[in-house]
Amino acid sequence: MPELPEVEVVRRGLADHVVGRTITQALLTGERVARRHEAGPADLMARVEGATVLAVDRRGKYLWLVLDPPDDDPHALVVHLGMSGQLLVQDADAPREKHLHACFDFADDGPQLRFVDQRTFGGLALTPLHEDRYGVPLAAQDDPAGHLHGIPEPVLHIAPDPLEPAFDAAGVARRMKAKGVAIKRLLLDQTVVSGIGNIYADEALWRAQVHGLRPASALTKPALGRLLGHASEVMTEALGQGGTSFDALYVNVNGASGYFDRALAVYGQDGLPCPRCGSTVRREQFMNRSSHFCPRCQVRPRGSSPSGSSVSPVSPVSSRSSTRRP
DNA sequence: AGTCAAACCTGTTTGC
DNA sequence: TGCAAACAGGTTTGAC
């Protein structure tokens, strides 16, 4: 479940279902799921045994279980869902998923935590926590339980996401303004701002009426600030709908889908009318991925092919075409 | 340094 | 109908 709202849905599910529980056994299948864990899957399995889950934190698309291990050396179990990863809370006797790669049992004999991943771009790693470069304190004073927070090693290079207190929109806008690269590239660059993927990049650009190929330096700082505001807003709205899912691959810890796909303006809507002006939404390849945009609301920068002089005015419409999902 | 394509995978949809 | 190609929410790597 890739982008920020979907990962946050999972984080909340884990906070409800695994915090406070003690792991009695971990079972990882194959080498690949722990390929980012230097010491290998056997080491990971051995070291989480007996650990209690203190909290579940997230930055961008990364999430991690803060562990209180028996040897008192604070660590986090970092999870990235990749393109198709799922964390599921399942009864121990529930059938084994086809792409199950990791399974955690708890001392209370309650439901298991399972990591299921069809495409195996996701994975698990056990790493120490570090002081944040961006302002999250290693020991969170405002945590009533006194739990250790901070940022795990594989997440240190990731910038804050728009939904966390450490996010500095003006600072990000300033950094973007200094670059001559396409604005969509920066929205997707997790070291500039994290959590935004292909869906919410396209939706934020549409809301801001900016074409993704526009050089960031050609936008004003206020315009960049507005774009980041739209990104934050669209992801908050998606979170309120349980995230975006087109199929059963993107589900919460209970296996349920979110509903934000019904509210998408451009992503996956090629050939359908723009909800704002009625022009036909286009899909084009740029940056090696599909980009969806309204050719009228989002003016292509000069010089980018195909030459964009063929945009004809279309009278505004007040409601969506019937070809859209009702 | 910055940009691009390829690589990592499996499954589904689309096109001939 | 069958088969192949294209495509999918992400990140990292290495080659220019």
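These numbers were taken from a predicted model, which means no experiment stands behind them.
Remark: the separation of the P atoms in B:dA5 and C:dA6 is 15 Å, to the nearest Å. Across the C1' atoms, C:dT12 and B:dG11 are found 23 Å apart, a figure rounded to whole Å. Rounded to a whole angstrom, the distance from the P atom of B:dA1 to that of C:dG10 is 27 Å. Rounded to whole Å, the P atom of B:dA6 lies 15 Å from the corresponding atom of C:dA5. Using C1' as the reference atom, B:dT12 and C:dT11 are 23 Å apart when rounded to the nearest Å.
The phosphate of C:dA8 has OP1 or OP2 within less than 4.0 Å of a side-chain N or O from A:Ser290. For the OP1/OP2 pair of C:dG10 and a distance below 4.0 Å, the side-chain nitrogens and oxygens of A:Arg289 include at least one atom meeting the criterion. Note on A:His157: every side-chain N or O is 4.0 Å or more away from OP1 and OP2 of C:dT11. Using a 4.0 Å cut-off, some side-chain N or O of A:Arg185 falls inside it from OP1 or OP2 of B:dC4. Residue A:Gln190 places no side-chain N or O under 4.0 Å from the OP1 or OP2 atom of C:dG10.
With contacts defined as side-chain heavy-atom distances shorter than 4.5 Å, the pair A:Leu188/A:Met287 qualifies.
The listed nucleotides are B:dC9, B:dG11, C:dC7; the one nearest the side chain of A:Gln118 is B:dG11. Taking the side chain of A:Lys98 as heavy atoms from C-beta on, and the options B:dG11, C:dT12, B:dC9, the nearest nucleotide is B:dG11. Among the nucleotides C:dG10, B:dC8, B:dG2, the one closest to the side chain of A:Lys179 is B:dG2. In this structure, of C:dT12, C:dG10, B:dG11, it is C:dT12 that holds the atom nearest to the side chain of A:Tyr62. If you check C:dG10, B:dT10, C:dC7 against the side chain of A:His99, the one that comes closest is B:dT10. Comparing B:dC9, B:dA5, C:dG10 against the side chain of A:His80 picks out C:dG10 as the nearest.
Between A:Arg12 and A:Glu8 there is a salt bridge, since a side-chain N of the basic residue sits under 4.0 Å from a carboxylate O of the acidic one. Using a 4.0 Å cut-off between charged nitrogen and carboxylate oxygen, A:Arg47 and A:Asp71 do not count as a salt-bridge pair.
Computed from coordinates, the A:Asp247 CG to B:dT10 P distance equals 18 Å when rounded to whole Å. Atom-to-atom, CG of A:Asp117 to P of B:dC8 comes out at 16 Å; the value is rounded to the nearest Å. Atom CG of A:Leu249 and atom C1' of C:dA8 are 9 Å apart (whole Å). At whole-Å resolution of the value, CD1 in A:Ile199 and P in C:dC7 are 17 Å apart. Per the geometry, CE belonging to A:Met287 stands 13 Å off C1' belonging to B:dA5, to the nearest Å. The distance from atom CG of A:Asp161 to atom P of C:dG10 is 14 Å, rounded to the nearest whole Å. Atom C1' of nucleotide B:dC9 and atom CZ of A:Arg35 are separated by 9 Å, given to the nearest angstrom. Taking atom CG of A:Leu81 as the reference point, atom P of C:dG10 lies 11 Å away to the nearest angstrom.
Among the heavy atoms of the strands lying under 4.0 Å from A:Thr244 is at least one base atom, whether or not backbone atoms are also near. Using a 4.0 Å heavy-atom criterion, one finds that A:Phe246 contacts the bases of the nucleic acid, with or without backbone contacts as well. Nucleic acid contact for A:His101: none, since no nucleic acid atom lies under 4.0 Å from a heavy atom of the residue. Using a 4.0 Å heavy-atom distance criterion, A:Asn288 is classed as a base contact.
A:Asp202 and A:His292 share a donor-acceptor pair across their side chains, judged by distance under 3.5 Å alone.
Under the 30°/60° scheme for interplanar angles, the aromatic rings of A:Phe115 and A:His101 are found to be tilted.
Interatomic distance, A:Asp108 CG to A:Thr22 OG1, rounded to the nearest 0.5 Å: 8.0 Å. Atom CE of A:Met45 is separated from atom CG of A:Leu28 by 5.5 Å, given to the nearest 0.5 angstrom.
The aromatic ring of A:Phe121 stacks onto the base of B:dC8, its centre lying under 5.5 Å from the centre of the six-membered base ring with the two planes under 30° apart.
Judged by atom type and distance alone, A:Arg119 reaches the base of C:dA8 through a side-chain donor-acceptor pair under 3.5 Å.
Base pairing annotation: B:dC4 forms a Watson-Crick or G-U wobble pair with C:dG14, both donor-acceptor distances under 3.5 Å.
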